[in-house]
Structure formats: structure tokens, C-alpha cells
There are 2 protein chains.
Amino acid sequence: MFESSTIKDIARALGLSTSTVSRALRDSYEISAGTKKLVTDYARKVHYRPNPNALSLKERKSKSIGIVVSEVANHYFSQAINGIESIANSRGYTVIITQTHESLEREIANVQHLAARSVDGLLISLSAETETTSHLEELHDRGLPIVFFDRIPEQINTHKITADNAKGAFDATTHLIRCGHKRIAHISSSAHLSISKERLDGYTKALTENGLSVDHQYIKNCPHGGMIQEELESVFQELMELEVLPEAIFVAGDRLTIGCMHVLKKLNLLNPTSIAIAGFSNSDVLDLFNPSLTSVFQPAFDMGQLATIKLLELIEAKYPVTEFERKVLNTQLFIR
Amino acid sequence: MFESSTIKDIARALGLSTSTVSRALRDSYEISAGTKKLVTDYARKVHYRPNPNALSLKERKSKSIGIVVSEVANHYFSQAINGIESIANSRGYTVIITQTHESLEREIANVQHLAARSVDGLLISLSAETETTSHLEELHDRGLPIVFFDRIPEQINTHKITADNAKGAFDATTHLIRCGHKRIAHISSSAHLSISKERLDGYTKALTENGLSVDHQYIKNCPHGGMIQEELESVFQELMELEVLPEAIFVAGDRLTIGCMHVLKKLNLLNPTSIAIAGFSNSDVLDLFNPSLTSVFQPAFDMGQLATIKLLELIEAKYPVTEFERKVLNTQLFIR
DNA sequence: AATAACTGTGCAATCGTTCCCGAAACGATT
DNA sequence: AATCGTTTCGGGAACGATTGCACAGTTATT
């Protein structure tokens, strides 16, 4: 259907060989100025574009990188993607975005698909369901460059970029304490995720440093990371059935934070006097909420950029890289 | 770096020819059951995956489609993308997402890049800056299948999928009128966009059918579709300097609607008594706003699915398609 | 004038896969 | 015994681009 002209077409039309045309287009020194002009002019005329598949086949690289995130509708991830694209595109790489919707099955399928598509590297934030990472280890062992960001695994030794989740959680929880709340619940994504552990640590530290005890009845997990609204509703159900109700909740995730607000609204608890919420979120509309919401903002764009820079380092490295970095970027507390 | 095993490797290891291996893997009738089993077992063992670049080169197709939208952070587009992916992935196609950020320059760059990447087809919603479409016409004339959705051009003759923008605008404006408002302003994206024209029509129709006059001082455009916040602020400045202030505003776009709320908040006008807002938006958090916001919801997921189905029809057509459809899907008014 | 050096171009292999031919090997038919 | 058909497999070209090597033709050097 959509035929582009090839080097062969140009060679035939101009009575030259394909090698001469190729060299002329790459501005090789061995081609005379006259021939070069002839070729480049004609190539422009027929809209010549090198076939990327042929190049990829020859060079054994595709100049593309794969992204695996939970969902693009999440503002944290869409901002991270913008950061990734800003670097990747400027370096001539195409970006293929895939979504797991927090499902391990889809994560595996996406990763397999990207590998089969022969991407040059992978940028991943794990799904909420992902506990084991053998599907990634195998690819990594076979030499595929991978950089993790946000939700990172412990097992695989490569570059990892995260926000300072413990600090962010500590700040948010401390803020709730300073507002006078003593019984602060914590709702988080699945317990095994790195971000969940780190944010739990920050939450716990804030409580203990302020002389408050950690009540495990107040700590709830959502194994599907808020993709299933019923999950969140039953968590609230459990919290509301406690003999002593929490006064505030620290929520550890973008989607969860929004989900909590919805549940509170449904339960008719969405008013300043009933329960206070603070949570991780990169949404740009939080200031329009009522009651408002104190939030922890992650430098998603910067994280995306940094992750991409490190990935391209791996991809374009002349020799195998053995020293890996673990970068931790600062979060920001927006008090509302 | 990342080497997969090839048909050649398998052939060498098994003492067969590449043709035999290829045929065995494709379950050709000319290969004996024994050889087939030998080959498929070994292929599984070494994790054989056909090289997509080699396939693309041979088949002259890439099994990938390109998407061009304003930005994935927009809920309308992220929902549309989910619809697109649901169809494309199930049919074996990879999706490459690009963002214009409402810039014509980036739209041209993205389209060129996708064409050079030899995608099999294109799914586009035009940027706010796009007035002429020669960059698309050229590709379309050369045979690249394209389907437009949401923001569509008039010039190019192909499948086009939109929501019923006029109806949605009519409904929203009528609702504002029923609430008792008579002076209703209208803020829209750049005037030349199809969606802007259609939504303006619906707005105008609602006013005239209710015996209200159309005041052109009340109609404002944002040529950058809300990507530049100052643009929106100066629009408000102009509205607020009128001798007779509007009582309500109908906003014709997701990003613009959110932007308006921010400006109103900044101007301290975000309260139920000062000004009412209704607008197009697919955001899932509108019900958390205060004051709340009546919104027009577009069936973004369905639009994405439909657009993809029509695109795959074009891509996989045996003979050139000459009959094109213009599908218009219903919007939904959420009164809050 | 003979050789060397350089300039400009073509040939052919290569990347991984498919597919059109051709060709053994074997049994069946005449 | 010669022919035919089947089954099963291999050889090699093709897709588009790059690149080491070879080889004319020209100019410079001795």
C-alpha cells in the first residue's frame, strides 16, 4: 500500500549503484561533489526515507525503547512519560508505551511483546501484582538493558530511580500530626511493592518520633493498587467498623488517593470535620477539591528524564556496565 | 548486546536448512511430524522469537500503528488510547503513542517520524495549532491509511470518528439556561478546529432556541487550547472587564475546563454564587470539585476502539477503499 | 616513462525470514 | 524396468541498507 522509494530505486533512476547512492546520502568522502548533489537532490524529490527495518536488521538495534507503567491516565506516570520522551526523542529513539493496569499477567505479556519487538532497552515501574520478577530477570540476564523507576525490585542489579518515598511519607504523616491528629490510618498499595514498604517506613517513623504508637489495625493494603474500587471500599468498611475511628488517613498512591476521596464522598464523609486525608499524588487539580488535600508530589518528569539518561548509557555502552546507581529524588509536600 | 537465537542458529544446531526450520515453525504441511516436533521443541528451549524487523522488511509492513494526540495526561485521550490499545493489541499490532502538546511543529515532526518508522497506519486527533494539513495529505496521497478522531480535518477523505459535539454543547448550554442563567459566555480552543466549530454551533443553537441572543463579546478562543495558562487568564480578564458580566460559562474542552477552574480559584471566584461552569471533560474527579461542575462526557474508549477498527479495515483491505464513513457517537451530560 | 598515489564507483556479503524451485527417496502403477 | 506421484527437505533469491574490497581512470612523483 504505502510504498516509499528505496536506495535501489534511486540508483536505478540515476544509473548508479546502490553503494554509491548510500555513500552519497551519508556524505561519504569518497563520493564526488557532483554525484552527491545529484543523489541528494533526487532523494529529496522522491521523499526518500531510509527503511528503519532494514537498518535495524543490519545494525541489530531498533532505536526504540519500551516503557511499562500501570496506566497513562495516572498523572505521575504521564508526567514521567513526558520526561522520558523529552530525552528519548532528542536522542533519536522511539518510545513504545505499554500499560499493565496493575496486572502481572499484562506486565508479562507487555514485556514479552517489547522484547520480541526488539526494543533496545526497557523502562519499567512494576505492577501492583508483581511479586516475583523472573520474567524480567531472564531478559536482563540475556543482556537486555533495563532501568527501573518508582516501583523497583530488589533482585535485579541495574540502575534504579525512585523518589524519596520514606521522606515523603514522613512529611505527610508529620503534617497530619501537626494538625492535631493522633489516630492516623494508612492505606497503601500491595505490601510487597518497594514504594509501599518505604512509605510505610516513613509513616511509622513519623508516628514513633512523635510519641504515637503504630496500630496495625490502621494499616491497610490494596493488592490491586486501587484498580478495583470495591477493594478500597471494603478497606474503608473495615476502618469504619473499628471501635476507635481514625481521625486522618495517609494514602500512599496517586490512584488510591483519588479513590479514597470518591469513597469518602460516597460514604458522605467528605467534609472538613469528619476525616483528614493526605496522600501521594501528582494530580494537577487537587487544589480544586473540597475539602482540600495535602499531597506529596514526586518529581515525575525529572525521574523519567534521569531513568532515560541512565538507560541510554546502558544501551550505548561500549563495554558491559557493572556499576549501577540507585538515585533517590526529593519529594515535595503541598500543604492545603 | 541482547542476542536472540535465530532460525539460522536452530538450523545449524539441528543439522537442517533454514527453510525447513522456517516451515516447521509455521506448521507447513510439507514437513514431517517428527521434524516439526524436533524443531518446535528446540525452538522453545532456546526461546526463539522471530525477528520483527526481518519480518517487516520482508512483508513490507510493521504491524504497528501510530497515534498522535495532544497529550496523554488528558483524560479524554488516555481513555481513547485504552480503547485503541484494546483493539490493536488483540489484533497483534503495536501502538506507538506521540504527543503534540498542541503544537503544529511537533505534530509535523511526530507524523514524519511515524511515517519514517513505517507504521502501517495513523490515528490522529489534530493539534490546536493545526490549520492546514498538507503534512498529512501528502502521506495520505502516497497511500498511508489514516483515521481521524475527535479533531478532524475537512480536506482529507478518509474515515472520521467524532462525538456529537454540537449535541453535547447544546445539552450543556441548555442546562445552564435551565439553571436560570441568561448571560452565558463560551470559551473554546482555537476557532478553526472542527470540535470548536461544532461546539459553538450547539452553544448558539441552545441560546437562540431559548430566545437568548448571541453576544460575540462572550465568545472567546484560546489558540493554544489551554496549554498556556496566561492565554486563559487574559480571556478571563477580558470577560471580567465587560460592562455586563456573564453569569455562566460553557467551556469546550477538557484541559480548558480544568484551566478555567484554576483561573477562577486564582481570581477568588470559585464559589457557587459568583459564576457557573459547564464544560467538556472526561476527568474522573469532577465530582470531587467544589463548587461542582456539570460536564459533557465523550465516549472516548468507544471512539478509540471504533477508530482502530476502521483503521485496521483500511490497513488490511485487499483492494483500495473508496467509501469512507463519518461516525458520530453520543455524548453524555453529567449534571452536578 | 614507469610507478605510485589517489579519486570515484561497483560488486558482493550481511542482517533474519519467507517462499519459489528443484531434487532426492520411496512406493505404486503400468 | 520405466514412469509417475508423494513426501520431505535443501538451495538460493528477495526485502533495504551498509561497507570492505576490488578496480578502473586520473594525477603526481621519481
Side-chain angles (χ1 to χ4, degrees), chain A residues 1-40 42-43 46-64 92 115-120 142-143, chain B residues 1-40 42-43 46-64 92 115-120 142-143:
Chain A
M1 289 290 263
F2 179 66
E3 304 287 326
S4 304
S5 52
T6 71
I7 266 194
K8 213 177 285 184
D9 297 331
I10 299 177
R12 202 178 314 124
L14 262 37
L16 293 168
S17 74
T18 59
S19 8
T20 305
V21 174
S22 172
R23 272 183 274 251
L25 290 172
R26 325 201 92 239
D27 203 24
S28 161
Y29 69 97
E30 5 181 28
I31 303 294
S32 69
T35 309
K36 269 184 196 168
K37 179 152 171 42
L38 189 72
V39 171
T40 50
Y42 187 81
V46 296
H47 301 105
Y48 170 75
R49 299 244 183 287
N51 182 317
N53 292 313
L55 261 342
S56 297
L57 184 57
K58 184 124 186 58
E59 309 291 331
R60 290 137 157 249
K61 59 185 184 222
S62 63
K63 276 277 188 179
S64 68
R117 272 272 158 197
S118 70
V119 292
D120 295 338
R142 283 167 58 204
Chain B
M1 288 290 263
F2 179 66
E3 305 286 327
S4 315
S5 54
T6 71
I7 269 192
K8 213 177 285 186
D9 298 332
I10 299 178
R12 201 177 314 124
L14 261 37
L16 293 169
S17 76
T18 59
S19 355
T20 305
V21 174
S22 172
R23 271 182 278 252
L25 291 172
R26 328 199 93 239
D27 202 24
S28 162
Y29 69 97
E30 359 178 44
I31 304 296
S32 69
T35 311
K36 269 183 196 168
K37 178 152 171 43
L38 189 72
V39 171
T40 51
Y42 186 81
V46 297
H47 301 105
Y48 170 75
R49 298 243 185 289
N51 182 316
N53 291 314
L55 259 344
S56 297
L57 183 59
K58 189 121 187 57
E59 309 290 332
R60 289 136 157 249
K61 59 184 185 222
S62 63
K63 278 276 187 178
S64 69
R117 272 271 158 197
S118 70
V119 291
D120 296 337
R142 283 167 58 203

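All of these numbers come straight from a predicted model, not from anything done at the bench. Order of the sequence lines fixes the chain letters, A, B, ..., with proteins taken first and strands second; residue numbering starts at 1 for each chain.
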Of all the choices, [options], which nucleotide is nearest to the side chain of [X] once you look at every atom?
| X | options | answer |
| --- | --- | --- |
| B/T6 | D/dG10, D/dT18, C/dG16 | C/dG16 |
| B/R60 | D/dG16, C/dT18, D/dT18 | D/dG16 |
| B/E30 | D/dC15, D/dT8, D/dT19 | D/dT8 |
| B/K58 | D/dG16, C/dT18, D/dT18 | C/dT18 |
| A/A54 | D/dG12, D/dC9, D/dA17 | D/dA17 |

Is A/R23 side chain donor-acceptor paired with the D/dG20 base, going by distance under 3.5 Å alone?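 Between D/dG20 and A/R23, which were checked side chain against base, a qualifying N/O pair under 3.5 Å is present.
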Is there, by distance only and without an angle test, a donor paired with an acceptor across the side chain of B/S19 and the base of D/dG11 below 3.5 Å?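 By the distance-only test, yes, there is a pair.
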In this structure, how many angstroms lie between the [atom2] atom of [N] and the [atom1] atom of [X], rounded?
| X | N | atom1 | atom2 | answer |
| --- | --- | --- | --- | --- |
| B/D9 | C/dC15 | CG | P | 10 Å |
| B/L14 | D/dG10 | CG | P | 10 Å |
| B/I7 | C/dC15 | CD1 | P | 14 Å |
| A/L25 | C/dT9 | CG | P | 13 Å |
| B/Y29 | D/dG5 | OH | C1' | 13 Å |
| B/E59 | C/dC19 | CD | C1' | 10 Å |
| A/N51 | D/dC15 | CG | C1' | 8 Å |
| A/L16 | C/dC11 | CG | P | 11 Å |

For DNA chain D, whose closest nucleotide is more 5', that of B/L57 or that of B/V21?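 Residue closer to the 5' terminus by nearest nucleotide: B/V21.
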Less than 4.0 angstrom between a side-chain N/O of [X] and OP1 or OP2 of [N], yes or no?
| X | N | value |
| --- | --- | --- |
| A/S17 | C/dT9 | no |
| A/K8 | D/dC15 | yes |
| B/S32 | D/dT8 | no |
| B/S56 | D/dC15 | no |
| A/Y48 | D/dA17 | yes |
| A/S22 | D/dA17 | no |

Rounded at 0.5 Å granularity, tell me how far [atom1] in [X] sits from [atom2] in [Y].
| X | Y | atom1 | atom2 | result |
| --- | --- | --- | --- | --- |
| B/R12 | B/S17 | CZ | OG | 13.0 Å |
| B/T20 | B/L14 | OG1 | CG | 10.5 Å |
| B/S5 | A/R142 | OG | CZ | 7.0 Å |

Is any side-chain heavy atom of B/L25 closer than 4.5 Å to one of B/Y48?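 In short, these two side chains touch, coming nearer than 4.5 Å.
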Partner nucleotide of C/dT30 by Watson-Crick or wobble geometry (both distances under 3.5 Å):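 With both distances under 3.5 Å, C/dT30 matches D/dA1.
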Side chains of A/T35 and A/S32, donor plus acceptor under 3.5 Å: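 The answer is yes; a qualifying pair exists.
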Would you tell me whether B/D120 and B/S64 have side-chain atoms, one donor and one acceptor, within less than 3.5 Å of each other?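 There is no such pair between these side chains.
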Scan A/G34 against the nucleic acid and name what it touches under 4.0 Å (heavy atoms): base, sugar-phosphate only, or nothing.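 Here A/G34 touches no strand at all.
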